[in-house]
Amino acid sequence: MSEKTKNKPKTPDKGGKSILDDNQLIRQRRAKAAELAAQGVPLFPNTFRPRDLISDIKKNYGHLDIERLETLNLSFVIAGRIMSLRSFGKAAFMHIMDRSGEQLQVHVQKNVLGDEAYARFKKLDVGDLVGVSGPLFRTRTNELTIRANQVTLVTKSYRPLPEKFHGLTDVEQRYRQRYLDLIMNREVRAIFEARSKIVSTIRRFLHQRDFMEVETPMMQHIPGGAMARPFETYHNALGMPLYLRVAPELYLKRLVVGGLERVFELNRNFRNEGVSVRHNPEFTMLEFYMSYASYEDLMPLTEEMLAECAKEVVGSLKFDYQGREIDMSPPWRQLDFRTSLLEIGGVPPKVLFDAEEALGLSRELGGVHKPGDGLGKALDKIFEVTVEPELWQPTFITGHPLEISPLSRTSDHDPDAVERFEFFIAGREMGNGFSELNDPDDQRQRFLEQVAQREAGDEEAQFMDADYVRALEYGMPPTAGEGVGIDRLVMLLTDQPSIREVILFPLLRPEKG
RNA sequence: GGGCCGUUAACUCAGUUGGUAGAGUAUCUGACUUUUAAUCAGAGAGUCGCGUGUUCGAAUCACGCACGGCCCA
């Protein structure tokens, strides 16, 4: 162990790397910064204001040739991060990246800056944020470049960036230090740009159809609206337990009772479940409710909305997801729940209406069932294993069993089925819609059945929500509602295999140190 | 929860049968005013994820733990 290493300050953690570790590279950068500071150069000034965006410069002037740029003699003011630096004796080239995510080359010359300014420039590091002004020209190799009249340190960076050629690839570090991932990986930025575009497309789509965006409680006394385990928390001042919502559904329908006949909420839900390539404990969901409409009206609306997202983000309704083509062109296939089990799942007909047979098959397929579980639960599990992965092209599945749909309106034709669809793309459930149950007595009865299942040990069964039933007693207009998983939609449209690639800060265990 | 894989320099990765820890990039010093992963010469940089054990000796073998990835439930 060298003398230097011995003297370095011990960090409080016991073993393992500290987050705020120190190394030779950081010490060197800090030393250079200290030299600049000693010369009176501010390391973190907030005075520089860029005037131009690199993407605009490239778009507007990128087609001009050497001579044309020479005669025009256009000057620009940009600011961004030094992504690379090639230094010669009395000149240097660097690439600057700004918020547009694009880079522009800058040529810095000693005889242009002057001796003192050039000496200061030589103290800068890759990763520093700088402001640059000067005319645009083309180098001998024809690269669009700014000849720097001035280079100003805007923010000192004490930590070295990952190596330029391989960049940052360690998945764990990419998620933990997403800021580095975003600096180094252009494609990652593109994913989140696409995500933003999808969300704004949906908002615009719904606003155009007279939907109103609302925000309902994420902290709820009674976590309702979905079959899922909630996160529990506690309000100290009021001395009461609270749950993070698993869905906004029951609140949104209260608003429909209140006369907000077209509402939507696009925000986070929380489910206390495992983590996988398809699941993150907090995830984003669109829920919308439309009065005087049925589940059948929502299907074409869904097709249209997602088609618009695809056009906006991919530019086409046909695209590849993980190497297989998806065609989102409406109309999508529609298939009855039991028919899909028969035709796609290859399930024997005797299973479809016999609880014992169905539970048996489900268990064979690895399903875990509690004593209270019936035909519906069993078929749902069988569906998940045998049919869902096969639904690659967009498909609506309709006619779900009532048992697994406690908030849906019963079918007028079949008392055991509900007016509901789920839709699937790329072998994954993307959304769920139904005609809402607005008969308060029926709803109370369904809640009671859920409560019984909960008492029988089903932690995902729903709670009785008496106020929700009371709201229905005032009268909720006939309404259809739908939920769409936004993270999965983003995965689909950005061709990402894992939900963690479309969530900026996916849940991870804390880092030591 | 189970199985498999991974964790070595700032980054990307090698590391043989257990015998003093390696490369490329990055960094530092010197040269260099049109480079494109610039080039040339030299140098520094490591708690080999953490711990225990086996051993004369462990990055390497065994066991446990932590974190992550993929698959399964």
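Per chain, numbering begins at 1; letters A, B, ... match sequence-line order. Only heavy atoms go into these numbers, but all of them, side chains included; no hydrogens, no water, no symmetry mates.
Between the side chain of A/Thr139 and the base of B/U35 there is at least one donor-acceptor pair of N/O atoms closer than 3.5 Å.
Separating the C1' atom of B/A59 from that of B/U55 is a span of 16 Å, rounded to the nearest Å. Nucleotides B/G3 and B/C11 place their C1' atoms 31 Å apart, quoted to the nearest Å. Going from the P atom of B/A62 to that of B/U54 covers 16 Å, rounded to whole Å. Taking the C1' atoms as reference points, B/U47 lies 13 Å from B/A21, given to the whole Å. A distance of about 11 Å separates the P atoms of B/U7 and B/C61, rounded to the whole Å. The C1' atoms of B/G19 and B/G24 are separated by 27 Å, rounded to the nearest whole Å.
Checking A/His107 against A/His166, the closest nucleotide of RNA chain B that is more toward the 5' end is the one next to A/His166. Mapping A/Gln173 and A/Glu163 onto RNA chain B by nearest heavy atom places A/Gln173 closer to the 5' end of the strand.
Residue-level contact check: A/Lys32 touches the backbone only, with heavy atoms under 4.0 Å from sugar-phosphate atoms and none from bases. Note on A/Gln105: a base of the nucleic acid sits closer than 4.0 angstrom, heavy atoms only. Backbone-only contact: A/Leu508 has heavy atoms under 4.0 Å from sugar-phosphate atoms and none from a base. Among the atoms of the strands shown, only primed sugar atoms or phosphate atoms (P, OP1, OP2) are found under 4.0 Å from some heavy atom of A/Arg509. Within 4.0 Å (heavy atoms only), A/Val368 reaches no atom of the nucleic acid at all. At the heavy-atom level, A/Ser87 lies under 4.0 Å from base atoms of the strands shown. No contact: A/Arg138 has no heavy atom under 4.0 Å from any strand. Heavy atoms of A/Arg159 sit nowhere under 4.0 angstrom from any nucleic acid atom. Residue contacts shown for A/Gly274 are absent, as no nucleic acid heavy atom lies under 4.0 Å away.
Nucleotide B/U55 has no partner under the Watson-Crick or G-U criteria, as no pair reaches both atom distances under 3.5 Å.
Within the structure, a side-chain polar atom (N or O) of A/Asn23 is placed less than 4.0 Å from OP1 or OP2 of B/A10. Phosphate proximity of B/A38 to A/Arg86: present, with a side-chain N or O under 4.0 Å from OP1 or OP2.
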